[in-house]
2 protein chains.
Amino acid sequence: MHTFVPKTKKKMYEKKIPLPLECGLAMTREILGGKWKPNLLLAISLGINRPSQLHREIPQSTKRVLNLQLKELEEFEMIEKKIYHQLPPKVEYHLTKRGETLMHILRQMNEWGDKNRPFIKSIILNRTKALD
Amino acid sequence: MHTFVPKTKKKMYEKKIPLPLECGLAMTREILGGKWKPNLLLAISLGINRPSQLHREIPQSTKRVLNLQLKELEEFEMIEKKIYHQLPPKVEYHLTKRGETLMHILRQMNEWGDKNRPFIKSIILNRTKALD
DNA sequence: CGGCATCCGCCAAGATACTG
DNA sequence: CAGTATCTTGGCGGATGCCG
C-alpha cells in the first residue's frame, strides 16, 4: 500500500536563467549611471543646450565632470553635439531620437522625487539628528 | 548726446533658483543610487523575497553589499523586513506601498535597457575593439 | 540561513589651473 | 566660451572569514 508515494516534488522546472533581471537594468545603468547624466538630459530637453548654461544649471558639479558625462552621452548617441566654429566658440547639445525615448523615464524619476521629497528629507534629517 | 544709452540690458529676470532640476532627480538618486537597488526592488516585486534567493538572483554581487543596500531601502521604507525567529533563521522582504510606487519606473528602465541592448552593446564592443 | 567585521582597490568625481 | 591636463580624494563595492 501506498506504493506510490510521490517523493517531495521539486518544482518541475528550476529557473536556469536567474531571470533576465540584470540585463535591462544593467544596460540602462550603463547610460544613466553617472551622477549628473539624468540632470543633463533633462536640462537639454528643456532647451538648455549650451555647456555654460548647463554648468550654470548644475553648479554643484564642475565643467570637467559635466564634459565627461556629456561626452559619454554623446558616445551612446543620446545627444548630439553641434559645434559652431566661431569666436568665441559656441556649442549646442540636442537630444537624439534615441535620447528622447529616455525622457519619460527621467520625467517620472523627477516627479517621483518631487512627490517624495518631504518624506525622504525627514528620514535623512532624523538620521543625522541621531548623531548628537 | 546719446544721453540715453540703455545700458546693456540684463535679462529682466535672472532665474534665482537654477530650476528645480536637481531636486527631484537627486531625491530619486538618493533612493535608487546603489548599484543593485533597482535589481533588488524588481526581484522582490517578483516574489523573490529571501536574502539567499536574492543573492542567487544577483550572484555578481555579495551578501554584504546586498545586505547594505537592502538596509538602505528599508531605512527609506521602500521595503519591509519580516523576521521569523526560528532556526535556521528566515527573513522575507516585501515592498511597501511607497516602494510599489517605484515599480513602474523600474519596469520601464528594465524595458528600455532590453530594447536598447543590441545598440548599446555594439557601441561598447567597437570601443574596446578600437584598442587593438 | 542570515548577518557582521575587516581589509582593500579602484575609479568617479571634485578642485585647480591653463590653453585656444 | 569651450575644453583639457594634473592631482587628489572619498566612499562604494568587492573579497573573505567568523558567529549565532
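Every chain is numbered from 1, with letters handed out A, B, ... down the list of sequences. Only a predicted model underlies this, so the values are computations on that prediction, with no experimental measurement involved.
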Counting only pairs under 3.5 Å, give me each side-chain donor-acceptor contact of residues 62-69 of chain B, with atom names and distances, residues two or more places apart or in other chains.
from	atom 1	to	atom 2	distance (Å)
T62(B)	OG1	V65(B)	N	3.4
Q69(B)	OE1	W36(B)	N	2.9
Q69(B)	OE1	K37(B)	N	3.1

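- Using modelled atom types, no side-chain atom of T96(A) and backbone atom of E80(A) make a donor-acceptor pair closer than 3.5 Å.
- The closest side-chain heavy-atom distance from E75(B) to I123(A) is below 4.5 Å.
- A distance of 10.5 Å separates CG in L40(A) from NE2 in H55(A), rounded to the nearest 0.5 Å.
- Residue-level contact check: R50(B) touches the backbone only, with heavy atoms under 4.0 Å from sugar-phosphate atoms and none from bases.
- Comparing the local axis fitted to the first five base pairs of the helix from dC1(C)-dG20(D) to dG20(C)-dC1(D) with the one fitted to its last five gives a bend of 40°, rounded to 10°.
- At distances below 3.5 Å, at least one donor-acceptor pair connects side-chain atoms of R29(A) with backbone N or O atoms of K35(B).
- Relative to the six-membered ring of Y93(B), R50(B) misses at least one condition, a distance below 6.0 Å or an angle of at most 45° to the axis.
- Bounding nucleotides for the chain B contact on DNA chain C, 5' to 3', at a heavy-atom distance below 4.0 Å, are dC1(C) to dT6(C).
- Looking at heavy-atom distances under 4.0 Å, E92(B) makes no contact with the nucleic acid at all.
- Checked against L54(B) for a side chain to side chain contact (heavy atoms under 4.5 Å, CB included), the options I48(B), N49(B), N39(B) give a single hit: I48(B).
- Proximity of M78(A) to L95(A): side-chain heavy atoms (C-beta onward) are nowhere separated by under 4.5 Å.
- Residues from residues 77-88 of chain A placing a heavy atom under 4.0 Å of any atom in DNA chain D, listed by number, are K81(A), P88(A).
- Residues I83(B) and H85(B) form a side-chain contact, since some pair of their non-hydrogen atoms from C-beta on lies under 4.5 Å apart.
- Within 4.0 Å of K71(B), counting heavy atoms only, lie sugar-phosphate atoms of the nucleic acid but no base atom.
- Contacts between chain A and DNA chain D, taken as any atom within less than 4.0 angstrom of a protein heavy atom, begin and end at dC1(D) to dT6(D).
- Projected onto DNA chain D by closest heavy-atom contact, P51(A) and K63(B) fall at different nucleotides, the more 5' of which corresponds to P51(A).
- A donor-acceptor pair is defined here as one N or O able to donate and one able to accept, closer than 3.5 Å; no such pair exists between the side chain of E74(B) and the backbone of L70(B).
- Not one N or O on the side chain of T28(A) forms a donor-acceptor pair closer than 3.5 Å with the backbone of N110(B).
- Between the side chain of S61(A) and the main chain of I58(A), no donor-acceptor pair closer than 3.5 Å is present.
- Remark: E92(B) engages K90(B) in a salt bridge (Lys or Arg N to Asp or Glu O under 4.0 Å) (not counting sequence neighbours).
- P89(A) comes within 4.0 angstrom of a base, heavy atoms only.
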